[in-house]
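Reading through the structure tokens given below for one structure.
Just so we're on the same page: letters track the sequence lines, and every chain starts at 1. Basis for what follows: all heavy atoms, side chains included, without hydrogens, waters or symmetry-related copies. The structure presented is a predicted model; accordingly, all values stated were derived computationally and were not measured.
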Protein chains: 2
Amino acid sequence: MGLAERKERDKLELKKTILEAAQKMLLAHGQDGLSIRKIADEIEYSPATIYLYFADKDAILHELMEMGFGVMNEYMKDAFAQKDPIKRIHSIGHAYIRFGLENKDWYELMFNSDKPMKHIEKCCEDWDQGMAMFASLTETCRQAIEMHKMENVEEQILALQLWCSVHGLVNLALTERLEIVQQNNSQVLIEKTLDAIIHTIFKK
Amino acid sequence: MGLAERKERDKLELKKTILEAAQKMLLAHGQDGLSIRKIADEIEYSPATIYLYFADKDAILHELMEMGFGVMNEYMKDAFAQKDPIKRIHSIGHAYIRFGLENKDWYELMFNSDKPMKHIEKCCEDWDQGMAMFASLTETCRQAIEMHKMENVEEQILALQLWCSVHGLVNLALTERLEIVQQNNSQVLIEKTLDAIIHTIFKK
DNA sequence: AAATATAATAAACAGTGTTCAGTAAATAAT
DNA sequence: ATTATTTACTGAACACTGTTTATTATATTT
């Protein structure tokens with residue numbers, strides 16, 4: 001059955017080509033500049049062909065989202081490797097923010113857009129990479145709580161507290177709300193705020 | 001010149017009618033379901049007419065955003081009236097989150113969408129209501145810092161720390177990221193996280 | 001009554017996601 | 001080798017979107 005297999009490979013091949021064109025467009029023109037017709041144009045197929053490989057646009061955005069987590073993991077690798085849990089939290093925060101600011105379109109897809117989530121609902125899938133990342137953060141928080149002998153602190157709540165802070169910070173920055181409210185150098189402002197967040201939690 | 005004035009009034013009248021139809025659509029079907037052609041249909045004018053009253057769709061979304069701040073102010077009124085600055089911060093946080101969760105489409109427009117911001121840039125206007133709200137929060141932080149004799153805490157940074165936390169929390173909830181990561185009752189989770197944020201900052 | 005200014009629009013342009021009937025080519029069965 | 005069937009693909013249409021422009025109808029001035 002070598003023939004059937006080659007066929008299968010060819011199908012995957014075109015699917016990959018579509019996704020590559022989609023990624024190129026996302027990075028060049030953002031989610032708004034990403035259209036199925038333009039993808040079709042780019043890969044020199046008709047728009048209808050794309051629907052033989054993806055259920056709809058949401059499905060494409062979902063796959064792009066998964067690719068985005070791949071990019072993010074690169075940013076987070078070193079941070080998660082840190083031994084000391086509190087230093088690790090600091091590094092994770094920094095890496096998270098840096099990823100967000102440097103990859104607006106990936107970030108949008110992974111943490112804001114409802115379109116990949118719609119696909120997840122439709123197909124009864126999971127937001128598994130997001131869940132995995134949060135689980136890792138929660139585990140780091142557990143270690144930090146243990147190490148610092150913090151009382152009455154739930155690891156889940158602490159993890160969420162950290163996540164929503166950096167998530168909010170990144171979003172305010174990406175949507176131009178920060179620089180309008182405060183003319184200061186945004187980069188420095190963000191840095192100082194992240195430091196403040198972590199310091200207030202783990203102050204000695 | 002009573003006639004010219006009546007004309008002027010009539011122009012404002014139709015502008016108001018357009019905005020009312022737009023608001024109705026926003027609340028019924030969200031920003032995606034809000035189209036100029038549907039507004040035109042609703043008010044029984046041609047789409048082109050709307051462009052005699054608004055430069056483009058961004059201008060309409062910007063006016064809606066301003067209306068959104070009106071709605072939000074209702075939510076915040078009691079909170080800002082609190083005497084004790086720390087209780088006030090708590091109340092503001094609660095009111096902010098409640099507003100966000102109960103008014104997804106307003107919130108989106110005010111704090112996430114780039115379209116009203118594009119209009120602000122184009123017309124060299126200000127995000128004045130957003131700035132005013134942040135200024136009030138900053139002033140409350142100044143009072144809290146003074147009262148608690150907190151050292152090495154900048155009011156601006158503290159205000160931003162609070163804002164980005166609740167902003168992040170609201171966004172995670174509105175985009176369905178919360179309930180996926182954590183199956184617990186989201187409402188309770190949010191409540192506990194807000195309490196934790198404020199407790200870690202102002203712990204005795 | 002004629003000239004002018006105002007208000008509204010029909011129609012077009014260029015784009016979007018998506019569906020479906022139909023075609024051409026490759027494979028399978030006879 | 002010829003026919004039948006499956007597979008891969010597409011043209012064209014549908015129902016939308018924001019926006020512009022030339023034109024028309026109405027109202028106001030002269």
Side-chain angles (χ1 to χ4, degrees), chain A residues 1-19 21-22 25-26 28-64 109 113-119 122-123, chain B residues 1-19 21-22 25-26 28-64 109 113-119 122-123:
Chain A
M1 292 284 163
L3 207 140
E5 277 164 26
R6 205 214 61 205
K7 280 261 159 159
E8 197 62 32
R9 267 214 316 283
D10 283 2
K11 278 213 81 156
L12 284 175
E13 199 65 36
L14 185 45
K15 193 166 181 175
K16 226 181 85 185
T17 307
I18 293 169
L19 284 175
M25 241 140 219
L26 176 75
H29 310 290
Q31 211 188 126
D32 285 351
L34 171 65
S35 91
I36 282 181
R37 296 175 111 106
K38 279 192 214 144
I39 294 173
D41 233 59
E42 170 82 17
I43 63 172
E44 294 180 285
Y45 279 83
S46 95
T49 300
I50 291 176
Y51 287 86
L52 301 174
Y53 296 85
F54 295 93
D56 51 27
K57 199 183 177 185
D58 292 350
I60 295 178
L61 293 176
H62 177 256
E63 294 238 26
L64 286 177
L109 225 41
S113 177
D114 55 336
K115 277 159 190 143
M117 295 318 243
K118 249 198 227 150
H119 174 86
K122 257 183 290 185
C123 304
Chain B
M1 291 284 160
L3 206 140
E5 277 164 26
R6 204 213 63 203
K7 280 261 159 161
E8 197 61 34
R9 264 211 321 279
D10 282 2
K11 279 213 80 153
L12 284 175
E13 199 64 36
L14 185 46
K15 194 166 180 174
K16 225 181 87 187
T17 308
I18 293 169
L19 284 175
M25 242 139 217
L26 177 75
H29 311 290
Q31 212 189 126
D32 286 351
L34 172 64
S35 91
I36 283 181
R37 297 176 111 105
K38 278 191 215 143
I39 294 173
D41 233 57
E42 170 83 17
I43 62 173
E44 294 180 285
Y45 279 82
S46 94
T49 301
I50 291 175
Y51 287 87
L52 301 174
Y53 296 85
F54 294 94
D56 52 26
K57 198 183 175 182
D58 292 350
I60 295 176
L61 293 176
H62 178 256
E63 295 237 25
L64 285 178
L109 225 43
S113 176
D114 55 335
K115 277 158 192 146
M117 294 321 245
K118 251 198 224 147
H119 174 86
K122 259 182 288 183
C123 304

Revision key, fill the gap. Sequence neighbours excluded, the answer for side chain to side chain contact (heavy atoms under 4.5 Å, CB included) partners of B:Lys115 is B:Gln31, B:Asp58, B:Leu61, B:Ser113
**Study point:** Between C1' of D:dA8 and CD of A:Glu13, the distance in whole Å
**Key:** 16 Å
Exercise for review: Tell me whether the OP1 or OP2 atom of C:dA8 has a side-chain N or O from B:Tyr53 closer than 4.0 Å.
Suggested key: yes
Point to revise | Beyond-backbone contact of A:Leu14 with A:Leu52, side-chain heavy atoms, under 4.5 angstrom | key: no
**Study point:** All pairs passing salt bridge (charged side-chain N to carboxylate O under 4.0 Å, His left out) where residues 37-55 of chain A contributes a residue, at least two apart
**Key:** A:Lys24-A:Glu42
Point to revise | Rounded distance in Å - CD1 (A:Ile18) to C1' (D:dA8) | key: 12 Å
Check your understanding: Rounding to a whole Å, what distance do you find between A:Lys122:NZ and C:dG17:C1'?
Key -> 11 Å
Exercise for review: Using a cut-off of strictly less than 4.0 Å, decide whether A:Tyr45 has a side-chain nitrogen or oxygen near OP1 or OP2 of D:dC9.
Suggested key: yes
Review point. Given axes from five pairs at either end, by how many degrees does the helix from C:dA1-D:dT30 to C:dT30-D:dA1 bend, rounded to 10°?
Key: 30°
Review point. Could you state the CD1-P distance from B:Ile43 to C:dA7, rounded to the nearest angstrom?
Key: 15 Å
**Study point:** Atom pair distance, as rounded to whole Å: CD1 in B:Ile50 and P in C:dA10
**Key:** 13 Å
Exercise for review: Would you please confirm or rule out a distance under 4.0 Å between OP1 or OP2 of C:dT9 and any side-chain N or O of B:Thr49?
Suggested key: yes
**Study point:** Nearest atoms (heavy-atom pairs only) where A:Ala40 meets A:Ser46
**Key:** CB-C, 3.7 Å
Check your understanding: Does a sphere of radius 6.0 Å around NZ in B:Lys122 hold more than 12 heavy atoms from other residues, nucleotides or ligands, not counting ones at 6.0 Å or beyond?
Key -> yes
Practice item. Could you tell me the separation between the CG atom of A:Leu52 and the P atom of C:dA24, rounded to a whole number of Å? Key: 18 Å
**Study point:** ring-ring contact (aromatic ring centres under 6.0 Å, His included) contacts in which one or both residues fall within residues 36-56 of chain A, not counting sequence neighbours
**Key:** none
Point to revise | Distance, rounded to the nearest Å, where A:His119 contributes NE2 and C:dG17 contributes C1' | key: 17 Å
Point to revise | Value in whole Å for how far the C1' atom of C:dA8 lies from NZ of B:Lys15 | key: 18 Å
Revision key, fill the gap. Once base and sugar-phosphate atoms are separated, protein heavy atoms under 4.0 Å mark nucleotides 12-26 of chain D, 5' to 3', with B, S and - as -B---BBBBB-----
Check your understanding: If every non-hydrogen atom of B:Leu64 is compared with every non-hydrogen atom of B:Ala22, which pair is closest and at what distance?
Key -> CD1-CB, 4.1 Å
**Study point:** Partners passing side chain to side chain contact (heavy atoms under 4.5 Å, CB included) against B:Lys57 (at least two apart in sequence or in another chain)
**Key:** B:Ile36
Point to revise | pair B:Ile60-B:Ile50: side-chain heavy atoms closer than 4.5 Å | key: yes
